[in-house]
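See below for the structure under consideration.
If you're wondering where the values come from, they're calculated on a predicted model, not measured in any experiment.
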Amino acid sequence: MLLKFLFLVGLAPLLVVQCLDSTFNDDVLGLIVFKAGLQDPESKLSSWNEDDDSPCSWVGVKCEPNTHRVTELFLDGFSLSGHIGRGLLRLQFLQVLSLANNKFNGTINPDLPRLGGLQVIDLSDNSLSGSIPDGFFQQCGSLRSVSFARNDLTGMIPGSLSSCMTLSLVNFSSNGLCGELPSGLWYLRGLQSLDLSDNLLEGEIPEGIANLYDLRVINLKNNRFTGQLPVDIGGSQVLKLLDFSENSLSGSLPESLQRLSSCATVRLGGNSFTGEVPGWIGALTDLESLDLSANRFSGRIPVSIGNLNVLKELNLSMNQLTGGLPESMMNCLNLLAIDLSHNRLTGNLPSWIFKSGLNRVSPSGNRFDESIQHPSGVSLAVSIQGLQVLDLSSNVFSGEIPSDIGVLSSLLLLNVSRNQLFGSIPSSIGDLTMIQALDLSDNRLNGSIPSEIGGAISLTELRLEKNLLTGKIPTQIKKCSSLTSLILSWNNLTGPIPVAIANLINLQYVDLSFNCLSGSLPKGLTNLSHLLSFNISHNNLQGDLPLGGFFNTISPSSVSGNPSLCGSVVNLSCPSDHQKPIVLNPNSSDSSNGTSLDRHHKIVLSISALIAIGAAACITLGVVAVIFLNIHAQSSTARSPAAFAFSGGEDFSCSPTNDPNYGKLVMFSGDADFVAGARALLNKDSELGRGGFGVVYRTILRDGRSVAIKKLTVSSLIKSQDEFEREVKELGKVRHHNLVALEVEYMEDDVVVLCDMVRGALEDGRVEECIDGRLGGKVPADEAIPVIKLGLICASQVPSNRPDMEEVVNILELIQCPAEGHEELE
């Protein structure tokens with residue numbers, strides 16, 4: 001018997017070791033199974049090895065020192081993805097499970113609370129979906145903290161939440177949860193923090209919140225709650241943060257709120273609360289942040305607000321408050337930011353508002369008037385040296401901008417727009433090296449834009465529109481390299497647009513409209529790749545618009561009101577150096593002789609004569625068009641359409657015009673023995689179809705082959721003729737059985753073709769070819785020649801060379817009465 005006992009005693013250590021190995025392997029197995037269902041792109045779990053006897057040295061794993069069992073699992077921010085598998089259920093001694101800030105998906109495992117020792121579950125900042133399992137909190141054991149924040153959860157908050165009495169923190173914020181609050185929520189007497197913000201919860205907030213005597217934080221913002229605040233809300237006297245903002249709550253503020261003397265943050269903005277801001281607000285002596293914005297509060301700001309000595313942020317904007325600011329507010333010595341915008345406040349802006357320490361001031365959208373009162377005996381630099389945001393817009397301030405405005409070296413935003421300020425922009429504005437947004441628009445400022453503006457090197461937005469500014473746009477503005485918005489419209493600025501603006505590569509919005517700017521546009525503007533809007537309308541700019549980039553799609557309204565601008569956008573060809581020709585006597589058979597019409601000679605015509613002349617003008621233009629179409633339809637195929645001397649790959653001119661962009665032919669292979677030639681480009685019968693870039697015609701070569709001609713309509717987008725030809729030549733070399741071979745490229749203007757054909761027929765005495773054959777030869781040549789010459793003049797490529805309508809009417813009248821016309825011209 002003694003021998004057996006000794007044997008068992010000797011065997012006991014071995015049994016204990018085997019038992020410990022079994023438990024170690026159980027934790028190892030659970031974690032390895034959990035890892036197997038994950039994606040670990042950054043190999044954060046590379047230390048997890050299934051051959052290890054213990055996981056206690058693994059990354060993210062913490063064990064109890066005595067038992068060596070896994071008690072905590074911290075894998076926050078490991079970029080892990082996949083499902084939260086059942087392997088974790090083997091960790092029987094797990095107390096903390098933190099998998100926040102990863103990419104886990106799928107649904108919440110309903111069995112996690114069965115780990116009896118689990119106290120903390122943090123699955124926030126993942127991509128979990130579905131609803132919170134109904135029975136998740138029924139067996140919550142010792143669960144104290146649970147966070148499913150910032151996921152994609154839907155459905156209602158489960159009623160079982162009310163049965164988990166051990167909970168002290170609940171955070172379901174930033175999901176898609178809906179429905180009403182669980183009826184027993186206020187029974188969780190141990191609850192210290194409740195965050196259900198940024199969901200779709202609705203209904204009224206039930207009474208009974210006073211039962212949560214240990215509640216420190218309650219955040220229900222940005223939901224759809226309606227009704228009034230619970231009247232007993234002041235019963236949670238240890239509250240530090242109360243946020244019910246961005247809901248649809250209404251009514252007046254319950255008086256019990258004044259019992260929250262230790263509350264540091266009250267945010268009720270974005271609701272529909274009414275009545276006056278209660279006088280007892282001053283009893284909340286620990287308040288550091290008070291936000292009552294975007295409600296319907298009326299009346300005056302209570303004097304008691306001056307009792308909030310530790311107040312740092314005050315937002316009363318977007319209400320219906322009246323009167324002035326109480327002087328008692330000067331006692332709020334810790335105030336850093338104050339927003340009173342968009343109310344009905346009046347009077348002077350008190351001097352205390354510019355005291356030391358205040359960094360954000362926004363009284364915009366009120367009726368504050370007169371000039372800003374600085375503290376007596378204190379310079380502007382000392383009084384508001386820490387100011388970062390100053391928004392005085394939409395008031396009735398008058399006077400000049402202080403000349404020492406530049407001492408506000410910390411200023412990030414200055415907005416004094418929509419006031420009645422006058423005088424010049426102080427040069428010290430250039431000393432605001434940190435300012436990002438400067439808005440002085442809609443005032444009565446005069447003088448020029450100071451060249452020192454270039455010193456504001458951090459500017460991203462500059463708005464000076466609707467003032468009386470004169471002079472040139474300073475070239476020093478190029479130093480503001482971060483500018484994204486430059487708005488200078490509705491002033492009296494003169495001179496050219498500085499070339500330096502093209503160096504502001506971050507520009508997105510430019511408005512220089514309604515000024516007196518002149519000169520041509522800098523070509524470098526096409527390099528502004530981020531442009532979204534560029535308005536130069538109603539100036540005196542001239543020359544051609546830049547081609548390329550944003551300017552290929554610029555709206556015509558953005559360049560309108562500049563009579564001397566030209567280009568396809570304004571539908572005006574850019575003029576050449578040609579002088580306007582003298583309009584010759586159309587009855588003269590010799591085109592080289594004639595006299596100019598006397599523009600001052602007035603011919604009195606009856607109404608019927610004017611109608612006849614107008615009809616004749618329409619018919620004449622139609623005749624000219626028909627003449628052209630019939631010239632080539634009736635021409636002999638034996639006559640070459642133009643004087644071409646073809647040789648593969650060479651360029652030849654076929655038009656008497658001096659413009660190198662027209663009449664140039666490039667062959668890629670063979671000879672271009674066109675029978676119809678340019679006729680096909682103008683003959684409707686030869687049209688095969690139309691596309692987004694032009695019309696396709698059919699013509700025939702001398703050897704009988706049919707070819708298709710694509711007449712491009714994108715010439716306005718061609719920057720360089722040489723570059724265009726080089727690219728087309730390369731395309732001409734491409735050969736493939738699925739591609740149509742490119743044989744020839746020819747750049748010609750159809751109007752030039754028409755004019756050349758008609759002019760050639762006149763010079764050769766072939767007037768009959770210019771007359772519609774359906775007239776049967778009944779039109780005398782001496783009557784047709786003046787009409788044809790008039791058509792040639794009206795078809796001039798240079799708009800300034802074309803006669804105006806008065807001249808056309810006079811010419812037609814002379815054609816109708818040749819004898820009288822000779823007498824008038826002699």
Side-chain angles (χ1 to χ4, degrees), residues 312-315 317 334-341 349 353-364 372 374-375 378-395 397 400-419 421 423-443 445 447-465 467 469 473-488 498 500-501 503-510 530:
K312 295 179 180 179
E313 299 177 352
L314 175 63
N315 191 346
S317 64
N334 293 289
L335 199 60
L336 297 176
I338 181 170
D339 190 347
L340 307 171
S341 60
L349 204 59
I353 208 167
F354 296 106
K355 64 182 180 61
S356 178
L358 202 63
N359 57 36
R360 299 176 66 91
V361 178
S362 180
S364 63
I372 299 172
H374 301 152
V378 181
S379 70
L380 182 62
V382 174
S383 61
I384 46 178
Q385 58 184 353
L387 193 62
Q388 295 180 349
V389 175
L390 179 58
D391 187 352
L392 306 178
S393 61
S394 299
N395 281 282
F397 289 119
E400 299 185 4
I401 299 175
S403 59
D404 59 347
I405 191 74
V407 301
L408 303 179
S409 56
S410 300
L411 206 59
L412 301 178
L413 180 147
L414 174 61
N415 188 351
V416 294
S417 63
R418 297 181 295 280
N419 280 286
L421 301 175
S424 59
I425 300 174
S427 59
S428 65
I429 205 82
D431 296 331
L432 301 177
T433 57
M434 296 180 62
I435 196 166
Q436 298 174 8
L438 176 62
D439 191 345
L440 311 180
S441 62
D442 208 351
N443 281 284
L445 300 176
S448 60
I449 302 173
S451 59
E452 289 82 1
I453 192 71
I457 56 176
S458 301
L459 264 181
T460 60
E461 180 178 359
L462 177 61
R463 303 188 67 105
L464 303 177
E465 74 268 23
N467 278 288
L469 299 174
I473 301 173
T475 58
Q476 290 82 358
I477 202 169
K478 66 181 179 182
K479 297 179 182 178
C480 305
S481 57
S482 299
L483 264 182
T484 60
S485 183
L486 178 62
I487 313 297
L488 307 178
I501 285 184
N503 296 329
L504 302 175
I505 58 175
N506 294 306
L507 276 177
Q508 298 179 21
Y509 302 94
V510 178
H530 299 290

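A distance of 5.0 Å separates CD1 in Ile449 from CG in Leu488, rounded to the nearest 0.5 Å. From Asp442, atom CG reaches atom CD of Glu465 across 7.5 Å, with rounding to the nearest 0.5 Å. Distance check: Glu461 CD to Gln436 CD gives 10.5 Å after rounding to the nearest 0.5 Å. Atoms CD1 and CG, on Ile435 and Leu412 in that order, are 8.0 Å from each other to the nearest 0.5 Å. Rounding to the nearest 0.5 Å gives a distance of 7.5 Å between CE of Met434 and OG of Ser409. Here the CG-CZ distance, from Asp439 to Arg463, works out to 5.5 Å after rounding to the nearest 0.5 Å.
Within the 3.5 Å criterion, the main-chain N or O of Thr433 finds a donor-acceptor partner in the side chain of Ser458. Judged by distance alone, with hydrogens and angles left aside, the side-chain atoms of Ser417 form no donor-acceptor pair with the main-chain N or O of Ser393 at under 3.5 Å. Under a 3.5 Å cut-off, the side chain of Asn419 and the backbone N or O of Leu421 do not form any donor-acceptor pair. Asn506 places a side-chain N or O within 3.5 Å of a backbone atom of Ser481 that can act as its donor or acceptor partner. The closest donor-acceptor contact from the side chain of Thr484 to the backbone of Gln508 lies at 3.5 Å or more, if one exists at all. Judged purely by atom type and a 3.5 angstrom limit, Asn443 has no side-chain atom pairing as donor or acceptor with the backbone of Leu445. Side-chain atoms of Ser341 never come within 3.5 Å of backbone atoms of Ser317 as a donor-acceptor pair (strictly under, hydrogens ignored).
In terms of heavy-atom proximity, Gly406 sits nearest to Asp431 at O-CB, 3.6 Å. When all heavy atoms of Ile473 and Pro498 are compared, the closest pair comes out as O-CG, 3.3 Å. The nearest pair of heavy atoms linking Arg418 to Ser394 is NE-OG, 2.7 Å. The heavy-atom pair separating Pro426 from Ile405 by the smallest distance is CG-CG2, 3.8 Å. Looking at every heavy atom in both residues, Ser403 comes nearest to Ser428 through O-OG, 2.6 Å.
Counting heavy atoms from C-beta on, the side chains of Cys480 and Leu462 never come closer than 4.5 Å. Using a 4.5 Å heavy-atom threshold, the side chains of Ile477 and Leu483 count as touching. At a threshold of 4.5 Å between non-hydrogen side-chain atoms, the residues Ile501 and Leu486 count as touching. Looking at heavy atoms from C-beta onward, Ile401 lies out of side-chain contact with Ile429 at the 4.5 angstrom threshold. Residues Ser364 and Asn415 have side chains not in contact (no heavy-atom distance under 4.5 Å, counting atoms from C-beta outward). Residues Ser441 and Ile487 are not in side-chain contact: their nearest non-hydrogen atoms beyond the backbone lie 4.5 Å or more apart.
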Before you tell me yes or no, could you show the steps for Ile425 and Leu469 under side-chain contact (heavy atoms from CB on, under 4.5 Å), namely the whole-Å CA-CA distance, both residues' side-chain angles and the distance that decides it to 0.1 Å? CA-CA 9 Å; Ile425 300 174; Leu469 299 174; 4.1 Å; yes
Working for side-chain contact (heavy atoms from CB on, under 4.5 Å), residues Leu408 and Leu414: CA-CA 10 Å; Leu408 303 179; Leu414 174 61; over 6 Å; no
Dump the intermediate steps for side-chain contact (heavy atoms from CB on, under 4.5 Å) on Leu392 and Phe397, then the final yes or no. CA-CA 8 Å; Leu392 306 178; Phe397 289 119; 3.8 Å; yes
Test side-chain contact (heavy atoms from CB on, under 4.5 Å) on Ile505 and His530 and set out the steps. CA-CA 7 Å; Ile505 58 175; His530 299 290; 5.6 Å; no
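Residues that satisfy the side-chain hydrogen bond (donor to acceptor under 3.5 Å, both in side chains) test with Ser362, not counting sequence neighbours, are absent from this structure.
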